[in-house]
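Numbering starts at 1 and runs along the sequence shown.
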Amino acid sequence: TATDGFMGVIGTVENLPFKDASFDIAYFSYSLHHVVDRERGMAEAARIIRPGGRLAAIEPNGAHPQRRLICNPSSPFRKLRPVAGFADPHESFFNAEELCKTAEQCQLQLEKLIYAESSYSEPSTRFKAQMIYSRLLRRILPDKYVFPSFFMSFRKKG
């Protein structure tokens, strides 16, 4: 089968069951915004990366207007039934600057930041509206207010 030779690990990012400096890279793919204790999760990911190793993350952009208005836990829109139906109660969107600050505390240095479109296998109406928004405003507004996702790459110091 496709899983022959694969061993899984059960755990949470806040308490990873690996030795220090065990990996060359750690990667968050649209998952860090679901972590209850994001600072602890980043610290654990940094702990298991060897010095000079990398941490990469692609996450929803908390600076994007749609994320701030609809998905932010402190937004009044979050309490509306249609919105609450698709928003995880633990979701906590953040912007790239906040993630940089957390990463710096974990001895991670920013190498690259790219704002980008989100990608979905089946585009929703919301995604289609986002595409129109980004095409109309990308020449007027800074990328952090146009694109709904960002990719960041960090290198561990030391």
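Within a 6.0 Å sphere centred on NZ of Lys157, other residues, nucleotides and ligands contribute more than 12 heavy atoms.
Counting only distance, with no hydrogens or angles, the side chain of Lys156 and the backbone of Ile49 share a donor-acceptor pair below 3.5 Å. No donor-acceptor pair under 3.5 Å is formed between the side chain of Asp143 and the backbone N or O of Ile114. With hydrogens and angles disregarded, a donor-acceptor distance shorter than 3.5 Å links the side chain of Ser22 to the backbone of Lys19. Proximity of a side-chain donor or acceptor of Glu59 to a complementary backbone N or O of His33 within less than 3.5 Å is detected. Judged by distance alone, with hydrogens and angles left aside, the side-chain atoms of Glu44 form a donor-acceptor pair with the main-chain N or O of Leu16 at under 3.5 Å. Under the 3.5 Å distance criterion, the side-chain polar atoms of Arg50 are left unmatched by any main-chain donor or acceptor of Asp24.
Both Leu108 and Leu113 belong to a single network of hydrophobic side chains, linked directly or stepwise wherever heavy atoms of I, L, V, M, F, W or Y lie under 4.5 Å apart. Both Met152 and Leu55 sit in one connected hydrophobic cluster of ILVMFWY residues. Membership requires side-chain heavy atoms under 4.5 Å apart, directly or through other members. Leu110 and Met42 fall within a single hydrophobic cluster, where Ile, Leu, Val, Met, Phe, Trp and Tyr are joined by side-chain heavy atoms under 4.5 Å apart, directly or via other members. Tyr27 is not connected to Val35 by any chain of hydrophobic side-chain contacts under 4.5 Å among Ile, Leu, Val, Met, Phe, Trp and Tyr, and they are in different clusters. A single hydrophobic cluster is seen to contain both Phe154 and Tyr115, as judged by linkage of ILVMFWY side chains at heavy-atom distances under 4.5 Å, directly or through other members.
With contacts defined as side-chain heavy-atom distances shorter than 4.5 Å, the pair Phe28/Val13 qualifies. In this structure the side chain of Thr12 never reaches within 4.5 angstrom of the side chain of Val36, judged on heavy atoms.
Residues that satisfy the ring pair (Phe, Tyr, Trp, His ring centres under 6.0 Å) test with Phe23, not counting sequence neighbours, are Phe18. For Glu117, the side-chain contact (heavy atoms from CB on, under 4.5 Å) test picks out Gln130, Met131, Ser134, Arg138, Phe147, Pro148, with sequence neighbours left out.
Residues Ala96 and Phe150 come closest through the heavy atom pair N-CE2, 3.8 Å. Here the closest heavy-atom approach between residue Ser153 and residue Arg54 is recorded as OG-CD, 4.0 Å. Nearest heavy atoms, Gly158 versus Pro51: O-CB, 3.2 Å.
Considering CD1 of Ile25 and CZ of Arg155, their distance stands at 10.0 Å, rounded to 0.5 Å. Taking OH of Tyr133 as the start and OH of Tyr145 as the end, the distance is 10.0 Å to the nearest 0.5 Å. Rounding to the nearest 0.5 angstrom, the gap separating the CG atom in Leu141 from the CG atom in Leu136 is 10.5 Å. Here Leu32 contributes atom CG and His34 contributes atom NE2; the two are 10.0 Å apart, rounded to the nearest 0.5 Å.
Ionic pairing of Arg38 and Glu98 is not present here: no N-O contact between side-chain nitrogen and carboxylate oxygen is shorter than 4.0 angstrom.
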